[in-house]
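First up is the structure itself, then whatever we jot down about it.
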Amino acid sequence: MDGETLHEVAVRTAMALPAVTETQPFGEGAFVYKVVGKMFVMTSELRGVPIVNLKCAPPHAAALVRDHEEITPGWHMNKRHWITLSPGDGLDETLVEDLVGNAYDLVVAGLPRAKRPVDPSRGTGSRDA
């Protein structure tokens, strides 16, 4: 997957989820996607290469980093809880969509119940949006 497609798939998937907002708190060129004020995805560039940072559960993140050359510990993020996707043949649209959905579900699950736009335990989360 090339960098432009990586950004397009990540943004399209994130913006299709309930209660998501797009912000630019880090300045021009870095777009942050939040659910109820909590960041779960960021698109930006690293040395001119499009990248996507995603929230990820630590055991899942470790396995993804181990198994995919295009997935590394989060750039400029907590390396245990974030991953970075870079362009490459090891990424496809389904994987990126799933990782964005998982990032969203992880953040929603950590919100107080009253603030959750969806209940991740009921299967009404990102994959049903």
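In this text the structure is predicted, and so the values were computed from the model without any measurement.
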Would you name the heavy atoms of [X] and [Y] that are closest together and state the gap between them?
X: Ala61; Y: Ile83; value: CB-CG2, 3.6 Å
X: Val49; Y: Pro87; value: CG1-CD, 3.6 Å
X: Ser86; Y: Leu91; value: O-CD1, 3.1 Å
X: Trp82; Y: Phe40; value: CZ3-O, 3.7 Å
X: Ala10; Y: Val100; value: CA-CG2, 4.0 Å

Given 3.5 Å as the limit, does a donor-acceptor pair link the side chain of [X] with the main chain of [Y], or not?
X: Asn53; Y: Trp75; value: yes
X: Arg80; Y: Pro58; value: no
X: Lys79; Y: Gly74; value: yes
X: Glu70; Y: Gly90; value: yes
X: His7; Y: Ile51; value: yes
X: Thr5; Y: Met1; value: no

**Asked** In terms of side-chain geometry, is the basic nitrogen of Lys34 or Glu22 positioned less than 4.0 Å from the acidic oxygen of its partner?
**Response**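 Salt bridge: no.
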State the [atom1]-[atom2] distance between [X] and [Y], to the nearest 0.5 angstrom.
X: Thr94; Y: Leu99; atom1: OG1; atom2: CG; answer: 10.5 Å
X: Asp105; Y: Lys55; atom1: CG; atom2: NZ; answer: 13.5 Å
X: Arg12; Y: Glu93; atom1: CZ; atom2: CD; answer: 4.5 Å
X: Glu8; Y: Asp2; atom1: CD; atom2: CG; answer: 8.0 Å

Taking [Y] as the starting point, is it possible to reach [X] by hopping between hydrophobic residues whose side chains are less than 4.5 Å apart?
X: Met77; Y: Tyr33; answer: no
X: Val96; Y: Phe31; answer: yes
X: Leu6; Y: Ile71; answer: yes
X: Val107; Y: Met39; answer: no
X: Val20; Y: Val32; answer: no

Taking the side chain as C-beta and beyond, is there a heavy-atom pair between [X] and [Y] under 4.5 Å?
X: Thr43; Y: Pro50; value: no
X: Leu64; Y: Cys56; value: yes
X: Phe26; Y: Ser44; value: no
X: Pro117; Y: Leu111; value: yes

**Prompt:** For Gln24, does the CD atom have more than 12 heavy-atom neighbours from other residues, nucleotides or ligands under 6.0 Å away?
**Reply:** yes
**Message:** Can you confirm whether more than 12 heavy atoms, excluding those of Asp67, are under 6.0 Å from its CG atom?
**Reply:** yes
